[in-house]
Number of protein chains: 2
Amino acid sequence: MELIRAAAMLFRDQGYERTTVRDLGNAVGIQSGSLFYHFRTKEEILVAVMALGITSTTEQLKRAIDEAITPRAKLAALFRVHLNSLLGDNQAALEVMLYEWRSVSAAARPGLIVLRDRYEALWQQVLDEAAAAGLIKRDTALLRRTLLGSLHWSVQWYRSEGALSVDQLAEHMLDLVLLPQT
Amino acid sequence: MELIRAAAMLFRDQGYERTTVRDLGNAVGIQSGSLFYHFRTKEEILVAVMALGITSTTEQLKRAIDEAITPRAKLAALFRVHLNSLLGDNQAALEVMLYEWRSVSAAARPGLIVLRDRYEALWQQVLDEAAAAGLIKRDTALLRRTLLGSLHWSVQWYRSEGALSVDQLAEHMLDLVLLPQT
DNA sequence: GTCTATAGGTAGATAGAC
DNA sequence: GTCTATCTACCTATAGAC
């Protein structure tokens with residue numbers, strides 16, 4: 001578990017391919033050979049990182065949606081949870097999930113796709129409710145994809161030293177998509 | 001030039017690190033050693049791919065903006081050119097630009113950043129005009145970042161075999177951001 | 001400008017001791 | 001479970017012939 005967290009940060013910062021099993025061992029204070037007692041291959045570590053990133057974000061989102069009451073509050077939760085997971089203190093894992101797909105073997109992909117689809121289904125459901133309430137435009141399938149793209153991209157430019165907190169950024173991004181209320 | 005195009009596709013499909021100089025040689029029918037007559041390092045090839053991706057897109061965008069007359073038409077051009085460059089027949093290069101930053105050495109980054117900033121400045125200018133004309137919301141700096149994120153992400157899910165052409169997709173994405181006209 | 005051949009380095013993974 | 005030691009393979013880049 002400590003290894004998975006450390007691996008997430010290394011994979012995010014250097015990329016999966018550039019990170020060696022020796023780097024991974026160093027990060028947790030063991031020799032590279034010892035890793036292979038816990039994992040059969042380096043790729044297994046990558047898959048574990050990705051699975052952690054998406055499942056923990058999904059669980060947080062589920063909880064936030066259940067606690068929110070109005071469609072508007074649920075909609076806000078999408079942005080808030082996703083950005084906090086992506087930009088927050090301890091979540092390099094989700095970023096690895098987004099940027100290291102090409103290094104996942106065909107055999108391991110289906111399992112991760114199931115996890116991703118589960119997460120996106122939550123989004124779809126909340127967006128549909130919001131559209132029904134007249135909060136956002138009606139093309140929710142395309143909206144889901146564009147919004148997730150917008151949020152994912154934030155890792156490329158958001159800096160925590162800047163003027164905006166993550167929660168504030170979530171609010172601003174929400175504003176961009178809300179329809180003017182009549 | 002033929003090499004740069006071939007390299008773009010290989011880097012996009014397999015990633016830069018997983019693509020060997022032997023792969024690159026194979027793709028253009030020469031031995032791997034011969035590559036180093038044209039480029040000093042493998043990284044130089046990566047930088048050339050990225051530079052091609054962003055500069056050719058910038059030029060296309062410049063032309064499209066000049067030909068467009070209304071703010072609305074210029075705005076549409078942003079979406080159309082970007083998506084065609086990203087999803088079109090021969091433009092793996094731009095995708096490499098987006099996904100292989102980590103493999104670019106610190107020495108080579110500044111040059112690419114200049115090219116990227118030039119492209120984004122075009123965007124900013126068109127968005128500002130559109131906001132002044134009341135077409136889109138006023139927070140154009142954030143809008144630029146979210147829109148570019150949305151467009152970039154399309155490579156992850158857009159399939160040309162699907163129902164939507166690239167130009168149609170551009171139209172739909174434009175619709176999502178346009179304000180209802182009073 | 002492309003070839004063959006290879007230097008020099010490092011990668012992921014394994015074996016057996018403790 | 002972790003160590004040391006090492007295997008095998010492959011990588012980027014170079015050298016010199018043509």
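Naming: A, B, ... by sequence-line order, numbering from 1 per chain. Please read these numbers as outputs of a predicted model, since none were measured by experiment. The analysis underlying the following values was restricted to heavy atoms, covering all of them including side chains, and did not include hydrogens, waters or symmetry mates.
Residue-environment remark: CZ (B:R40) stays at or below the threshold of 12 foreign heavy atoms within 6.0 Å.
A heavy-atom distance below 4.0 Å to DNA chain C is reached by none of the residues of residues 101-110 of chain A.
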Could you run down the sub-3.5 Å N/O contacts of the protein with nucleotides 10-13 of chain D?
from	atom 1	to	atom 2	distance (Å)
D:dC11	OP2	B:R22	NE	3.0
D:dT12	OP1	B:K42	NZ	2.9
D:dT12	OP2	B:V21	N	2.9
D:dA13	OP2	B:K42	N	2.7

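The two atoms that bring B:A8 and B:V96 nearest to each other are O-CG2, 3.4 Å, heavy atoms only.
Distances shown here put a side-chain N or O of A:Y37 below 4.0 Å from the OP1 or OP2 atom of D:dG1. The side chain of B:S34 contributes no N or O atom lying less than 4.0 Å from OP1 or OP2 of C:dG1.
Whole-Å rounding puts the A:M1 CE to D:dG1 P distance at 17 Å. Atoms CG (A:L35) and C1' (D:dT4) sit 15 Å apart, rounded to a whole Å. Here the P atom of nucleotide D:dT14 and the CD atom of B:Q31 are 17 Å apart, to the nearest Å.
Residue pairs meeting the side chain to side chain donor-acceptor pair (under 3.5 Å) criterion with at least one member in residues 20-31 of chain A, sequence neighbours excluded: A:T20-A:D23. For residues 130-140 of chain A, the pairs satisfying side chain to side chain donor-acceptor pair (under 3.5 Å) are A:Q124-A:T140, A:D128-A:T140, with sequence neighbours left out.
To the nearest 0.5 Å, atoms CG (A:L24) and NE2 (A:H38) are separated by 12.5 Å. The CG atom of A:L122 lies 11.0 Å from the CD atom of A:E59; values are rounded to the nearest 0.5 Å.
Partners of A:R63 according to the salt bridge (Lys or Arg N to Asp or Glu O under 4.0 Å) rule, which considers only residues two or more places apart in sequence or in another chain, do not exist here.
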Could you pull out all donor-acceptor pairs under 3.5 Å where a side-chain atom in residues 110-121 of chain B meets a protein atom, sequence neighbours excluded?
from	atom 1	to	atom 2	distance (Å)
B:Y119	OH	B:H82	ND1	2.6
B:Y119	OH	B:W123	NE1	3.2

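The side chain of B:H38 lies closest to C:dT2, out of C:dT2, C:dT4, D:dT2.
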